[in-house]
Amino acid sequence: MRLLHICLVLLFSAEISSQHCDLLSFQQKKLNKDSLELLEKMGGNFPFQCFNERTDFKSMQDVLKLQSSQKENAKLAIQNILQEIFTVFSKNLTQTAWGEISIITFQNKLHQQIERLEACLGFQKEKDGTKMGSDGLVLTKLKIKRYFQGIYNFLEEKQYSLCAWEIIRMEMTRCFLLVDQLTKSI
C-alpha cells in the first residue's frame, strides 16, 4: 500500500510539473516584464553626468545567435542569462543610488524566474533524456559566461561607480529584451 501511495505521489507531481512547464512561456513573459519594470524603476532616468561614459559591450543578441528551433538551448540560455544578471546585482552595490528594497525585490523576481526554469529544465531532461552537456548547450553557456565576464571586468575597472552601475542597468535592460525574444521560442 505504501509503495502505491509513493507511486501516485510521483505520478501526480510529474503531471503538475509538466503542466507548470507548459505554462513556462506565459509565466516567463510575465516575470520578464515585471523584472524590466523593476529595473527601470530602480534607477529612474539615466544620470546626465554619465552620458560621456563609453562601453564596448558586444550585443548579447550577437553573442548568442540561437536558431529558433533550439528550444532547450533557448531555455538554458534564458536560465544562464538570468543567473548571471542575478550575480551582477549581488556584487558591490554601495555606490548606486538605488534603494535596498528595490534591489531585493528585483533579486527575488530573478530568483523566482531561475527556479522555474531550473525545474522545467530538470523535468524536461528526465522526460526526454536530454543531454544537458551537448556541445551546443555547452557553447551557449560559455558564450554567456564570456559576455558577462566583460560586464564584471567593466564594473571592476570603473570601481563600481554610480555611472558604471547605471550603464550596466541599461545593458541589463537589453539582456531582458533578448530574454523576451528567446521566451517566444520556447
Undergrad: Using the side chain to side chain contact (heavy atoms under 4.5 Å, CB included) definition, which of the options L31, I78, L76, N80 pairs with L117?
TA: I78
Undergrad: Quick one, C163 with K158, criterion side-chain contact (heavy atoms from CB on, under 4.5 Å). Give me CA distance, side-chain angles, the key distance, then yes/no.
TA: CA-CA 8 Å; C163 287; K158 298 292 183 175; over 6 Å; no
Undergrad: Side chains of N108 and Q112: do they bring a donor and an acceptor to under 3.5 Å?
TA: no
Undergrad: Please report the interatomic distance OG1(T183) to NZ(K29), rounded to the nearest 0.5 Å.
TA: 8.0 Å
Undergrad: Would a single hydrophobic cluster contain both F46 and F154, if residues Ile, Leu, Val, Met, Phe, Trp and Tyr are joined by side-chain heavy-atom contacts under 4.5 Å?
TA: yes
Undergrad: May I have the step-by-step check of side-chain contact (heavy atoms from CB on, under 4.5 Å) for L182 and I81, ending in yes or no?
TA: CA-CA 11 Å; L182 290 171; I81 291 167; 4.1 Å; yes
Undergrad: Go through the steps to decide whether Q83 and I144 satisfy the test side-chain contact (heavy atoms from CB on, under 4.5 Å), and finish with yes or no.
TA: CA-CA 10 Å; Q83 185 63 56; I144 293 168; over 6 Å; no
Undergrad: When you look at CZ of F48, are more than 12 heavy atoms from neighbouring residues, nucleotides or ligands closer to it than 6.0 Å?
TA: no
Undergrad: Roughly how far, to the nearest 0.5 Å, is CE of M172 from CD of E84?
TA: 9.5 Å
Undergrad: Given side chains that start at C-beta, do those of L36 and E40 come closer than 4.5 Å, heavy atoms only?
TA: no
Undergrad: Measure the CD1-OG distance between I167 and S161 for me, rounded to the nearest 0.5 Å.
TA: 7.0 Å
Undergrad: Over all heavy atoms of both residues, which pair between Q79 and E118 is shortest? Give the atoms and the distance, please.
TA: NE2-CG, 2.7 Å
Undergrad: Report the distance from atom CG of L110 to atom OG1 of T87, rounding to the nearest 0.5 Å.
TA: 9.5 Å
Undergrad: Is there a side-chain hydrogen bond (donor to acceptor under 3.5 Å, both in side chains) between Q113 and S35 once you walk through the steps?
TA: CA-CA 10 Å; Q113 286 177 278; S35 293; 3.0 Å; yes
Undergrad: Check whether any side-chain N or O of R116 sits under 3.5 Å from a backbone N or O of Q27 as a donor-acceptor pair, and report yes or no.
TA: no
Undergrad: Taking the cut-offs as 6.0 angstrom to the six-membered ring centre and 45 degrees off its axis, would you call K91 and Y152 a cation-pi pair?
TA: yes
Undergrad: Would you give the length of the straight line joining atom CG of L39 to atom OG of S102, rounded to the nearest 0.5 angstrom?
TA: 10.5 Å
Undergrad: Does F86 share a hydrophobic cluster with I101, counting links as ILVMFWY side-chain heavy atoms below 4.5 Å and allowing steps through other members?
TA: no
Undergrad: Please work out which of the three classes, parallel, tilted or perpendicular, describes the rings of F89 and W165, given edges at 30° and 60°.
TA: tilted
Undergrad: Given K109, which partner from the list I104, D34, N32, L82 fulfils the side chain to side chain contact (heavy atoms under 4.5 Å, CB included) test?
TA: D34
Undergrad: Mind running salt bridge (Lys or Arg N to Asp or Glu O under 4.0 Å) on K33 and E37 for me, showing each step along the way?
TA: CA-CA 6 Å; K33 181 179 179 250; E37 288 173 3; 3.4 Å; yes
Undergrad: Are I151 and F148 close enough, and set up right, to give a side-chain contact (heavy atoms from CB on, under 4.5 Å), and what steps lead you there?
TA: CA-CA 5 Å; I151 300 288; F148 277 94; 4.1 Å; yes
Undergrad: So with a 6.0 Å cut-off around CG of N153, is the heavy-atom count from everything else above 12?
TA: yes
Undergrad: Looking only at non-hydrogen atoms, find the nearest pair between W98 and M42 and report the distance.
TA: CD1-O, 3.1 Å
Undergrad: Is it the case that more than 12 heavy atoms not belonging to Q49 sit under 6.0 Å from its CD atom?
TA: yes
Undergrad: Does Q107 reach the side chain of I85, with side-chain heavy atoms less than 4.5 Å apart?
TA: no
